[in-house]
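See below for the structure under consideration.
Just so we're on the same page: letters track the sequence lines, and every chain starts at 1.
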There are 2 protein chains.
Amino acid sequence: MPDNPQTQKEQPRRRQARGERRIAQLLEAAARVFCTTGYTAASTNAIAREAGVSPGTLYQFFPNKEAIAIELGDRLVHELRETYGEALAPVDPATPLEEAIGSTIDRFMAFNTEHPVFFALMHGPDIPGRMAETHDQLHATLIGRTEDLLTTLMPGATRADVTRTAHVCFGIYKSGLELVLAHEGTERAAYVQEIKNVMVRYLRPLVGDRLG
Amino acid sequence: MPDNPQTQKEQPRRRQARGERRIAQLLEAAARVFCTTGYTAASTNAIAREAGVSPGTLYQFFPNKEAIAIELGDRLVHELRETYGEALAPVDPATPLEEAIGSTIDRFMAFNTEHPVFFALMHGPDIPGRMAETHDQLHATLIGRTEDLLTTLMPGATRADVTRTAHVCFGIYKSGLELVLAHEGTERAAYVQEIKNVMVRYLRPLVGDRLG
DNA sequence: GACAAACACGAGAGATCGCTCGCGTTTCTC
DNA sequence: GAGAAACGCGAGCGATCTCTCGTGTTTGTC
């Protein structure tokens, strides 16, 4: 099956090394601008200026503003899945609850503090259309993994209970992330520990005497 | 000290009953539009259309778009302080922890579900300048009250510990509110109960054997 | 070195939005 | 009922933002 114009949209463009560099440069600039001003308030001219190029050059590589956020989001999601995909894998039932929750939170906190634009793009109320799809897809995946973990730990719970608990865990993490990103150094570390405490104390009665 | 033009900015405008009605009408319309699209994306023309008046009429009562959000926010904050001000008052030490937390969360949830625009205005990343002041002021007040409550319950903790705990409680409530607003009926009630569980289990070890 | 394609520029077209202004209507006051 | 002031309208001004286009430069291929 050769190139199908139906599915193979259009890519007669052969990028040069210079072009790839510009793309990376523009995405880094966009990440900085999105972080400080949010998606909607970020102007394409500002992104181009931040990258040190002209508006026309920006549109040589991205068809529109939304595509910049989408490409940035896709690359981040890809890195998240690649590097931290095993963070929600099934845990050894012998693992203490503190340790299981602690290492999971540490992994995700590390990613989010290293890429603060991820939170800005996924959490902002002004995300573009296809970006919302990517977000919903990732969200569903993470909720699903959490549900799987919780199902083995909450034998007596209904499906709705498990789903609700997973959403509450996710909410706890998100609010904790907001606090963590707002602080630095030892205070930040203290907030990470507090979020672990919240999660452990919330889940301990649900899982009964399992997991330590 | 008669009218001082320095502090008494300018109000030679004597509102008629019709005008007061229009203002209320416009604020209700603005609340609906802000709720669905957020502050920045909400156009003044859309607010006027939602209220069934012309753009010119809107600007007869509000000097600019920011003033609409500020007036709306001020009225909500005023109602919050009036009606729910005692929600964070000092509690009787004999009150069980579950009951103290439960009634407080119920009060605030009632207000927030009755005025969903409040969350949209206070939480959005695109709030206007003076709106942020109102928000920070209210936030500081609520955090301060929470700190006062926690101080009496955490005798051995440092000031920084108390502050951090108060922020964590606030974050738990906010993330819970987001979940509550996203659901209806019995599922909403179940989420309210879950948030109470999270809060109680988080605070129980901190307060020791006090409060039941 | 010649040709094509990718890259780069920046002025500005086109669209949107906040807000104004001139004028007509309703309400209040006497 | 007459004058003033508040209310109401909607076309459109000016600012801003996304995105285009004509032109010039750099890079890859033969």
Does a side-chain N or O from [X] land closer than 4.0 Å to OP1 or OP2 of [N], or not?
X       : N      : value
A:Arg15 : C:dA5  : no
B:Thr57 : D:dC7  : no
A:Ser54 : C:dA8  : no
A:Arg14 : D:dT27 : no
A:Tyr59 : D:dC19 : yes

From the list [options], which nucleotide is the closest neighbour of the side chain of [X]?
X       : options               : result
B:Arg13 : D:dT20, D:dC7, D:dG8  : D:dC7
A:Pro55 : D:dC19, D:dT29, D:dC7 : D:dC19
A:Gln16 : C:dG18, D:dG28, D:dC7 : D:dG28

Residue whose nearest DNA chain C nucleotide is more 5′ - A:Asn45 or A:Gly19:
A:Gly19
Between B:Arg18 and B:Ser43, whichever has its closest DNA chain C nucleotide further toward 5' is B:Ser43
So, A:Phe118 versus A:Phe111, ring centres under 6.0 angstrom or not?
yes
What one should report as the nearest heavy-atom pair of B:Ile127 and B:Leu121 is CG2-O, 2.6 Å
Regarding B:Lys65 and the six-membered ring of B:Tyr39, is the cationic atom NZ or CZ under 6.0 Å from the ring centre and inside 45° of its axis?
yes
For A:Gln60 and C:dG10, give me the distance from atom CD to atom P, rounded to whole Å.
14 Å
If you look at every strand shown and take non-hydrogen atoms under 4.0 Å, does B:Ala42 touch a base, only sugar-phosphate, or nothing?
sugar-phosphate
